[in-house]
Amino acid sequence: MQITITLADQTKKIFPKDITCLSIAQSISDKLAQKILVASVNDTLWDIERPITQDATVKLFTWDDAEGKNTFWHSSAHLMAEALLHFYPKAKLGIGPPIAQGFYYDIDFGKETFDIQNFAAIEKKMLALASQKNIFSRKNISKKEAIQYFEKKKEKYKLELLKNLQDGQITLYTQGNFTDLCKGPHIPHTGSIKAIKLLNVAGAYWQGNEKNQQLTRLYAITFPQKKELQNYLTVLEEAKKRDHRTIGKNLKLFTFSQKVGMGLPLWLPKGAVLREKLIKFLTKAQNERGYSPVVTPHIAKKDLYVTSGHDAKYGADAFQPIKTPHDELFMLKPMNCPHHCEIYQSEPRSYKELPIRLSEFGTVYRYEQHGELHGLTRVRGFTQDDAHIFCRPDQVKEEFKKVIDLVLYIFDKLKFQNFTAQISLHDPQHPEKYIGKTANWLQAEAAIQQAAQEKYLETTTKLGEAAFYGPKLDFMVKDAIGRSWQMGTVQLDYQLPEKFQLTYTGKDNTKHRPVMIHRAPFGSLERFIAILIEHTAGNFPLWLAPTPVIVLTVSEKYNEYAQKVCTALKKQQIDANLDDRNEKIGKKIREAAIQKIPYMLIIGEKETKDHTVAVRKKGEGDVGSMELHFFVKKLQEEFYIY
RNA sequence: GCCAAUGUAGCUCAGUGGUAGAGUACUUCCUUGGUAAGGAAGAAGUCAUGGGUUCAAUUCCCAUCAUUGGCUCCA
């Protein structure tokens with residue numbers, strides 16, 4: 001019997017029934033047959049040596065495809081489990097999936113503790129097992145048999161996984177001495193795993209639930225070639241150098257103090273300049289777009305947050321209230337929105353004034369969990385570039401689109417290219433996590449989706465990621481080591497106006513409820529700057545650089561003229577530093593370069609005599625001498641690109 | 001909050017059961033130099049904190065705090 005196989009390029013080929021993808025690859029070229037790791041048959045991932053029984057569309061995947069890598073790493077996870085059981089025969093296995101970079105396996109070591117010292121031994125064992133070229137063999141098994149099998153092995157986590165599987169759809173994969181519950185597919189045999197690196201150990205709750213047992217998660221990565229592992233490790237090293245905590249320290253942007261408290265950043269002069277420049281930039285953009293700046297205090301009565309619903313939701317996880325001698329309770333503000341609601345409330349509003357856009361660089365304080373704090377990306381005190389737009393229901397979509405434009409404008413100016421837009425919706429399975437009527441939720445969610453669509457924004461959608469009062473459009477950006485952080489956010493809210501009984505008088509002379517849009521293009525200045533540091537590796541664009549220009553003297557003889565140059569630059573609003581130390585020019589240049597200063601002006605005998613400056617530009621080197629006013633003009637042109 | 005690792009000079013990091021060392025930064029002196037590190041001297045540490053073991057602890061053990069990598073959480 002013959003079957004027709006349609007390949008990715010739409011060519012059709014006739015093969016005998018029970019042909020495998022490996023044979024199909026062989027029919028194309030030997031080289032492809034060597035490289036193929038996994039395939040898909042009618043869009044279902046398929047072992048390459050598993051027979052195909054009927055007409056199908058087949059795609060072949062190699063290491064160059066995400067599917068190939070995932071399968072390779074998934075198989076590697078099985079290999080790691082096999083090696084681990086060799087050293088820890090009593091360990092119980094959780095799950096072992098591939099991830100973006102490598103894979104992990106969750107293991108319950110029981111009373112034993114896992115020792116990192118064993119990494120090398122496990123890697124060695126894995127390599128030894130890999131070289132045996134053990135075949136990954138697939139076996140269909142009934143649920144009853146599967147339960148018997150794993151009961152005998154006392155694999156309690158596997159038994160729990162089995163509970164949620166349907167009889168008839170259960171498969172086991174075996175390689176060497178190891179058999180795992182697994183739907184597959186896998187690479188043909190372990191022999192293609194040539195390079196192995198165990199990366200780190202972490203605790204992870206079983207099934208991601210805090211109330212469950214915590215298992216030990218081992219992260220690792222493997223490659224089909226040793227060279228690729230070397231490259232990967234080099235990339236990791238490079239990424240570490242971009243870490244905003246390292247650069248922040250080296251460039252003297254910010255610091256932390258145990259005495260001040262964990263998660264409370266202290267902005268050093270250079271960091272503060274950077275912050276101010278970003279604030280100035282966004283303020284200008286917002287003022288041009290009809291925002292009105294407001295200022296609200298850092299504390300407010302607890303009642304405010306009871307009204308808003310934040311207290312019920314987050315009260316327990318907040319900094320505890322401050323008590324006055326008269327038993328009043330004040331909270332450090334965790335959010336600006338309730339304050340802005342009160343500003344809206346301060347006078348009667350007409351439909352004619354809407355939308356009202358209240359903006360504030362508002363510093364908020366949240367009692368984040370100890371283990372969550374991370375450099376500037378997760379802190380306990382931070383400044384949001386917050387604004388709340390109060391508008392009529394018929395204005396929602398237009399306003400939402402304007403906010404998207406603003407976020408994209410900012411990302412564009414700061415050259416954030418690799419962001420993803422995520423629509424965060426409520427999870428209908430967990431209504432207790434949200435406030436408000438379902439009808440409002442659906443309306444809000446539809447509005448966000450529509451606005452994003454009309455802006456041709458490519459989005460992913462996630463259930464259960466919404467704020468408790470409304471759905472969000474989040475802009476996610478990755479840091480140097482590939483972690484994804486929420487930056488800009490736009491949130492649609494029908495609930496707070498309800499809670500605060502906000503109204504406006506409509507055309508019909510009756511009271512109506514406005515809709516609120518919460519939005520923060522940066523998200524928080526702290527996190528934004530952290531990511532900006534990592535994306536630029538500290539090489540900020542000229543208009544943001546804390547020190548755009550440094551004046552370097554060749555010897556102390558020229559300090560006087562250099563000082564004059566510096567003063568002249570400052571008069572032109574160009575923040576120039578002066579390095580008049582008794583050091584050689586080479587050293588001064590090196591240090592200025594390490595500080596990533598965009599322009600160095602070198603002042604020696606020639607410049608002093610000719611009243612010029614010798615310009616050295618970052619990345620370009622010596623660009624020659626010129627008169628100061630000419631340099632100033634050039635610099636200003638570069639500044640005012642923005 | 002949970003699991004694990006780490007904590008030595010301002011910074012980066014060696015090291016040791018007999019109370020510490022390098023590079024760099026800092027101070028002073030010499031040098032006055034032309035595009036990524038000139039030379040010399042000096043000062044600098046309660047070895048995170050608190051207990052315990054020991055004749056003796058920075059080193060071993062326990063606890064606490066902080067940091068790091070994850071998990072959970074993230075208005």
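Since this is a predicted model, take the numbers as computed values, not measurements. We name chains A, B, ... by the order of the sequence lines, and we start the count at 1 in each one.
- Contact annotation for A:Asp622: base contact, defined as any heavy-atom pair under 4.0 Å involving a base atom.
- Backbone-only engagement by A:Gly586 is indicated by non-hydrogen atom pairs under 4.0 Å involving sugar-phosphate atoms exclusively.
- Within 4.0 Å (heavy atoms only), A:Gln595 reaches no atom of the nucleic acid at all.
- Residue-level contact check: A:Arg380 touches neither bases nor backbone, having no heavy atom under 4.0 Å from any strand.
- In this structure, A:Gly621 reaches neither bases nor backbone, as no heavy-atom distance under 4.0 Å exists between it and the strands shown.
- Counting any heavy atom pair closer than 4.0 Å across all strands shown, A:Gln369 reaches a base atom.
- Contact annotation for A:Ala614: base contact, defined as any heavy-atom pair under 4.0 Å involving a base atom.
- Pairs of Watson-Crick or G-U wobble type, with distances under 3.5 Å, assemble into runs of 3 or more in RNA chain B at these ranges: B:1-7 with B:65-71, B:10-13 with B:21-24, B:26-30 with B:38-42, B:48-52 with B:60-64.
- Within 4.0 Å (heavy atoms only), A:Tyr219 reaches sugar-phosphate atoms of the nucleic acid but no base atom.
- At the heavy-atom level, A:Ala204 lies under 4.0 Å from the strands shown only through sugar-phosphate atoms.
- We find that A:Glu498 and A:Arg513 are joined by a salt bridge, their nearest charged nitrogen and carboxylate oxygen being less than 4.0 Å apart.
- In terms of phosphate contacts, A:Arg378 brings no side-chain nitrogen or oxygen within less than 4.0 Å of OP1 or OP2 of B:C74.
- B:A75 has A:Tyr314 stacked on its base ring, the centres lying under 5.5 angstrom apart and the planes within 30 degrees of parallel.
- No contact: A:Lys313 has no heavy atom under 4.0 Å from any strand.
- For RNA chain B, the residues of residues 467-482 of chain A within the heavy-atom distance limit of 4.0 Å (strictly under) are A:Ala467, A:Tyr469, A:Lys472, sorted by number.
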